[in-house]
Chemist: 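First, the structure itself, so that you have it in front of you.
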Amino acid sequence: MIHSVLKTSRFFNPRTEALGLTSVIVGFVCHLAFSSMKQINCIGDSSLCTVAPCKEPSITDSLSVSGNGTTSSMSVQSTPEIEKKFVHHVYDAIAPHFSATRFAKWPKVASFLSSLPLGSLVLDAGCGNGKYLGLNQDCFFIGCDISPSLIKICSDRGHEVLVADAVNLPYRTGFGDAAISIAVLHHLSTESRRRKAIEELVRVVKKGGHVLITVWAVEQEDTNLITKWTPLTEKYVEEWVGPGSPRARTPSPLPLESIPESEESSTGEYIKVCSESNVSKDLEAEKHIKNQQEYFVPWHLPYHRAEISGASSHALAAGLATKDDKKGAVVYNRYYHVFSEGELESLTAGIINARIVDQFFDKSNWCIILEKTA
């Protein structure tokens, strides 16, 4: 255990080491405390893990280096309310159920990790339940996520993990050989925060290191899936679109309410009414979908799972979740900014110490691989 603590300590920013490595060794305690993130305390065996009281990160100090084209605005590192309510709180509440559905490895991600050289140090930023941690047994993995509940799941499985914010990673510059960010950036609600998260991924890998990033695409292969999502209306857009998000967006003309998943007849058959008016509406809807990038995507938490914790009761009382008695579930809305073609690449344009070595579309996701050049 002592060797593990000594080995792992070199990943972290010197500010972390100021906590005192001696006390860590003597007490067999890995106490990673940062003013810019939630805390998680791992005592002895990493499976004995307690999560500190939930506190939203204020991100008052940046770990990124200014003067090299990186984003360092204070507003970028302040977590918007929409992310706190519809990302952080949601994943804390649904963590066990979410984890139970996340076990299959995407072939492209598995291929990237399997291709890394022997002994590579790999960071999974936004590791979720840790399904990619340890995928390549010839590499050393560490992970982080904004959700203490998901991090506890990872820790219970024996992974080296901590709670951290994607826009303010608590690791040394140039410590790793590779980093991955799988289905994370689309939960960040401004363009500048998404760019900052990419800068952080590039910062923590060494020269020649690679970064794999995947995000949900506007161009979903199953177009019917989008009809189950709720477009954000102008009311919500106004809460977070500001100087940090210069991209022009067209607010949804639709009211913020659940969209029917389908229309069925009394016999259970799908109704399809063909008329000139409906064709016109369909074309208008298709045009709107292509322009729409901000959505609430529902997560249905079955009642028998929701009753395990008081989190769902609190969410219902606070209006952050609704009950669907027909499906027997508490419904949470998760915030997503789905990416259009070329958007992910454009976010890297101002990052002078990285270049794109591959870009592709896979399973309704836009993906890029970056190489750090300096």
Chemist: Looking at side-chain heavy atoms only, is the closest gap between P231 and E294 below 4.5 Å?
Modeler: no
Chemist: Between CZ of R193 and CG of D165, what distance do you get to the nearest 0.5 Å?
Modeler: 5.5 Å
Chemist: Between the main-chain N or O of F86 and the side-chain N or O of H89, is there a donor-acceptor pair closer than 3.5 Å?
Modeler: no
Chemist: Is there side-chain contact between Y171 and L162, with heavy atoms separated by less than 4.5 Å?
Modeler: yes
Chemist: Please round to the nearest 0.5 Å and tell me the distance separating atom NE2 of H186 and atom CZ of R334.
Modeler: 8.0 Å
Chemist: Do V211 and I180 come within less than 4.5 Å of each other through their side chains, counting heavy atoms only?
Modeler: no
Chemist: Assess the residue pair E191 and R195 against the criterion (salt bridge (Lys or Arg N to Asp or Glu O under 4.0 Å)); give the C-alpha distance rounded to whole Å, side-chain angles, the decisive distance to 0.1 Å, and a yes or no.
Modeler: CA-CA 6 Å; E191 184 174 290; R195 180 180 292 109; 3.6 Å; yes
Chemist: Could you tell me which residues satisfy side chain to side chain contact (heavy atoms under 4.5 Å, CB included) with S99, sequence neighbours excluded, listed by chain and number?
Modeler: N129, I153, R157
Chemist: Who are the side chain to side chain donor-acceptor pair (under 3.5 Å) partners of D325, not counting sequence neighbours?
Modeler: Y303
Chemist: Side chains of D92 and S147 only: does a donor on one sit below 3.5 Å from an acceptor on the other?
Modeler: yes
Chemist: Side chain to side chain donor-acceptor pair (under 3.5 Å), that's the test. Do Y332 and T322 meet it? Break it down for me.
Modeler: CA-CA 7 Å; Y332 287 88; T322 58; over 6 Å; no
Chemist: What donor-acceptor contacts under 3.5 angstrom involve side-chain atoms of residues 109-124, with partners at least two apart or in another chain?
Modeler:
residue: S114; atom: OG; partner: A110; partner atom: O; Å: 2.8
residue: S115; atom: OG; partner: F112; partner atom: O; Å: 2.7
residue: S120; atom: OG; partner: P117; partner atom: O; Å: 2.7

Chemist: Between S364 (side chain) and A217 (backbone), is there a donor-acceptor pair under 3.5 Å?
Modeler: no
Chemist: Using the salt bridge (charged side-chain N to carboxylate O under 4.0 Å, His left out) criterion, which residues pair with R355? Sequence neighbours excluded.
Modeler: E371
Chemist: Just by modelled atom types, is the K105 backbone N or O under 3.5 Å from a matching donor or acceptor in the K131 side chain?
Modeler: no
Chemist: Ring pair (Phe, Tyr, Trp, His ring centres under 6.0 Å) with W106: which residues, sequence neighbours excluded?
Modeler: none
Chemist: With the side chain counted from C-beta on, respond yes when P107 and K363 share a heavy-atom pair under 4.5 Å apart, and no when they do not.
Modeler: yes
Chemist: Taking T214 for the side chain and I182 for the main chain, is one N or O donor matched with an acceptor at less than 3.5 Å?
Modeler: no
Chemist: Quick one: are I213 and L344 in side-chain contact, heavy atoms under 4.5 Å?
Modeler: yes
Chemist: Mind checking what makes side chain to side chain donor-acceptor pair (under 3.5 Å) contact with E219, not counting sequence neighbours?
Modeler: W366
Chemist: Can you sort out the partners of H97 under side chain to side chain donor-acceptor pair (under 3.5 Å), two or more places apart, ordered by chain and number?
Modeler: W299
Chemist: Can you find a heavy atom in the side chain of C144 that is under 4.5 Å from one in the side chain of C127?
Modeler: no
Chemist: May I ask you to check whether W216 and Y336 place their ring centers less than 6.0 Å from one another?
Modeler: yes
Chemist: Is there a donor-acceptor pair closer than 3.5 Å between any side-chain N or O of E83 and the backbone N or O of S189?
Modeler: yes
Chemist: Only counting residues at least two apart or in another chain, list the ones meeting side chain to side chain contact (heavy atoms under 4.5 Å, CB included) with D358.
Modeler: F360, I369
Chemist: Sequence neighbours left out, what passes side chain to side chain contact (heavy atoms under 4.5 Å, CB included) with A329? Give chain and number order.
Modeler: H300
Chemist: Between I356 and E345, is any pair of side-chain heavy atoms under 4.5 Å apart?
Modeler: yes
Chemist: Answer whether the closest heavy-atom distance between the side chains of N333 and Y295 falls below 4.5 Å.
Modeler: no
Chemist: Classify the side-chain pair H337/E343 by whether it contains a donor and acceptor separated by less than 3.5 Å.
Modeler: yes
Chemist: Where do V184 and A166 come nearest, in terms of heavy atoms and distance?
Modeler: CG1-CB, 4.5 Å
Chemist: With sequence neighbours excluded, tell me which residues meet side chain to side chain donor-acceptor pair (under 3.5 Å) with H187.
Modeler: Y91
Chemist: Who passes side chain to side chain contact (heavy atoms under 4.5 Å, CB included) against K206, sequence neighbours left out?
Modeler: D177
Chemist: Using atom types as modelled and distance alone, determine if a side-chain donor or acceptor of D362 lies under 3.5 Å from a backbone N or O of N365.
Modeler: no
Chemist: When you measure from the side chain of R194 to the backbone of L185, do you find a donor-acceptor pair of N or O atoms at a distance under 3.5 Å?
Modeler: no
Chemist: For residues 136-145, pull every pair meeting side chain to side chain donor-acceptor pair (under 3.5 Å), keeping only residues two or more places apart or in separate chains.
Modeler: none
